[in-house]
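See below for the structure under consideration.
Start at 1 with the first residue, then count along the sequence.
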Amino acid sequence: MNTTSLLRIVYPVILAVSPENRRLRGREKVVCLSRFARRALALSAEKLGLFPDRLLLLKDESGVPQPFNGYYWSVTHKSTYVAGVVAPERVGIDLEEIRAVSPLLFKKLADRQEWALAALEPLTHFFRYWTSKEAVLKAAGTGIKDLSRCRIERILGHKRLIVDYLDRRWHIEHRYFDGHIASIVSDGFTIRWIL
């Protein structure tokens with residue numbers, strides 16, 4: 001395998017949060033989860049042959065992660081799992097536990113045409129849509145304020161879909177695990193999930 005094809009592989013890393021850290025509250029919990037997500041990020045960088053101890057993880061004034069040495073990065077954290085990914089192009093990752101949500105959130109997340117694409121399992125599709133749109137917004141660097149401008153354009157089976165945002169089609173890949181879903185912008189990448 002040549003070097004060019006190796007650069008097209010991306011390694012999103014998902015780590016389980018320890019039971020002790022799940023019990024933390026407030027700012028202490030946020031700091032702990034953020035550090036742990038950066039550990040996932042370091043493992044992703046290491047798989048790409050980068051030196052995780054040399055990662056310069058800066059954000060702009062809006063909180064958007066800035067690339068380092070031509071590499072982009074994204075992290076996400078929830079109470080039970082964190083994830084991180086490093087890639088040679090814009091990337092976004094998000095994860096959520098699949099759980100009950102208010103019917104009003106369905107209307108806020110997607111319109112009728114988007115929901116018409118989802119034949120079964122409305123709750124799973126809700127989080128599939130949510131994490132996909134969130135991953136795209138992270139990759140684009142625009143944030144949740146543009147959620148309504150992201151549109152699910154097409155579902156490509158159980159693990160992939162396409163989001164239309166800013167006149168671009170963003171390819172998303174999903175990973176289901178332990179009652180959760182993770183979504184990553186997979187444009188042109190071979191995704192090798194590490195759990």
Side-chain angles (χ1 to χ4, degrees), residues 7-15 17 26-79 81-97 105 108-110 127-153 161-175 180-189 191 193-194:
L7 291 176
R8 303 311 302 168
I9 299 174
V10 174
Y11 301 91
V13 175
I14 299 171
L15 300 174
V17 176
R27 179 83 179 129
E28 185 180 21
K29 184 172 192 165
V30 171
V31 169
C32 175
L33 293 175
S34 180
R35 279 193 200 126
F36 201 42
R38 287 174 184 248
R39 174 69 184 128
L41 192 68
L43 292 170
S44 177
E46 194 174 285
K47 290 295 286 183
L48 286 178
L50 302 173
F51 298 100
D53 57 331
R54 295 185 192 162
L55 296 180
L56 185 59
L57 302 177
L58 300 176
K59 294 182 179 183
D60 69 11
E61 61 280 349
S62 300
V64 176
Q66 297 301 292
F68 63 93
N69 296 333
Y71 286 88
Y72 293 82
W73 59 281
S74 183
V75 294
T76 185
H77 50 79
K78 301 297 179 240
S79 293
Y81 288 96
V82 300
V85 63
V86 175
E89 293 177 26
R90 290 187 174 275
V91 68
I93 191 167
D94 193 46
L95 66 84
E96 288 286 345
E97 179 182 7
L105 288 176
K108 184 174 182 169
L109 178 62
F127 285 103
R128 211 177 159 189
Y129 284 15
W130 179 269
T131 57
S132 295
K133 290 182 177 191
E134 183 74 17
V136 166
L137 294 171
K138 287 180 178 184
T142 53
I144 199 75
K145 67 178 172 44
D146 265 4
L147 184 67
S148 64
R149 294 180 63 196
C150 275
R151 296 191 37 82
I152 304 300
E153 181 177 288
L161 59 73
I162 299 173
V163 174
D164 180 54
Y165 177 64
L166 298 179
D167 296 321
R168 176 178 168 186
R169 285 169 179 77
W170 302 77
H171 291 258
I172 306 297
E173 184 172 317
H174 310 294
R175 175 67 186 240
H180 289 70
I181 183 173
S183 296
I184 186 169
V185 171
S186 63
D187 293 348
F189 301 132
I191 306 296
W193 295 93
I194 299 173

(request) Check whether any side-chain heavy atom of Leu57 lies under 4.5 Å from a side-chain heavy atom of Arg38, and answer yes or no. (result) yes
(message) Tell me if the NZ atom of Lys47 is crowded by more than 12 foreign heavy atoms within 6.0 Å.
(response) no
(message) Could you check whether any side-chain heavy atom of Ile14 comes within less than 4.5 Å of a side-chain heavy atom of Ile194, counting everything from C-beta outward?
(response) no
(message) Could you tell me if the side chain of Leu161 sits less than 4.5 Å from the side chain of His174, heavy atoms only?
(response) yes
(request) Would you mind reporting whether Phe68 and Leu50 have side-chain heavy atoms less than 4.5 Å apart? (result) yes
(request) For the pair His180 and Tyr81, name the ring-plane relationship: parallel under 30°, tilted 30 to 60°, perpendicular over 60°. (result) perpendicular
(request) State, yes or no, whether a side-chain contact exists between Lys29 and Ser79 at a heavy-atom distance under 4.5 Å. (result) yes
(request) Could you tell me whether the side chains of Asp94 and Thr76 share a donor-acceptor contact shorter than 3.5 Å? (result) yes
(message) Taking CZ in Arg39 as the centre, count heavy atoms belonging to other residues, nucleotides or ligands within less than 6.0 Å. Is the count above 12?
(response) no
(message) So, using salt bridge (Lys or Arg N to Asp or Glu O under 4.0 Å) as the criterion, who are the partners of Asp164 when residues are at least two apart?
(response) none
(message) Checking Lys78 now: which residues fulfil salt bridge (Lys or Arg N to Asp or Glu O under 4.0 Å) with it, not counting sequence neighbours?
(response) Glu96
(message) I want to check something: taking the side chain as every heavy atom from C-beta on, are Lys133 and Ser183 in contact at a cut-off of under 4.5 Å?
(response) no
(message) Counting C-beta onward and ignoring hydrogens, is there a side-chain heavy-atom pair between Leu137 and Leu147 closer than 4.5 Å?
(response) yes
(request) Return yes when atom CZ of Arg35 has more than 12 non-hydrogen atoms of other residues, nucleotides or ligands closer than 6.0 Å, and no otherwise. (result) no
(message) Once salt bridge (Lys or Arg N to Asp or Glu O under 4.0 Å) is applied, do any residues pair with Glu153, and if so which ones, sequence neighbours excluded?
(response) Arg169
(request) Verify the neighbour count for atom CG of Asp60: are there more than 12 heavy atoms of other residues, nucleotides or ligands below 6.0 Å? (result) yes
(request) Go through the structure and list residues passing side chain to side chain donor-acceptor pair (under 3.5 Å) with Tyr72, not counting sequence neighbours. (result) none
(message) Taking salt bridge (Lys or Arg N to Asp or Glu O under 4.0 Å) as the definition, give me every residue that meets it alongside Glu46, ordered by chain and number, with sequence neighbours left out.
(response) none
(request) Check whether any side-chain N or O of Ser44 sits under 3.5 Å from a backbone N or O of Val86 as a donor-acceptor pair, and report yes or no. (result) yes
(message) Taking the side chain as everything from C-beta on, heavy atoms only, tell me whether Ile184 gets closer than 4.5 Å to Phe189.
(response) no
(request) Verify the neighbour count for atom NZ of Lys145: are there more than 12 heavy atoms of other residues, nucleotides or ligands below 6.0 Å? (result) yes
(request) Check side chain to side chain donor-acceptor pair (under 3.5 Å) between Trp130 and all other residues, then give those that pass, not counting sequence neighbours. (result) none
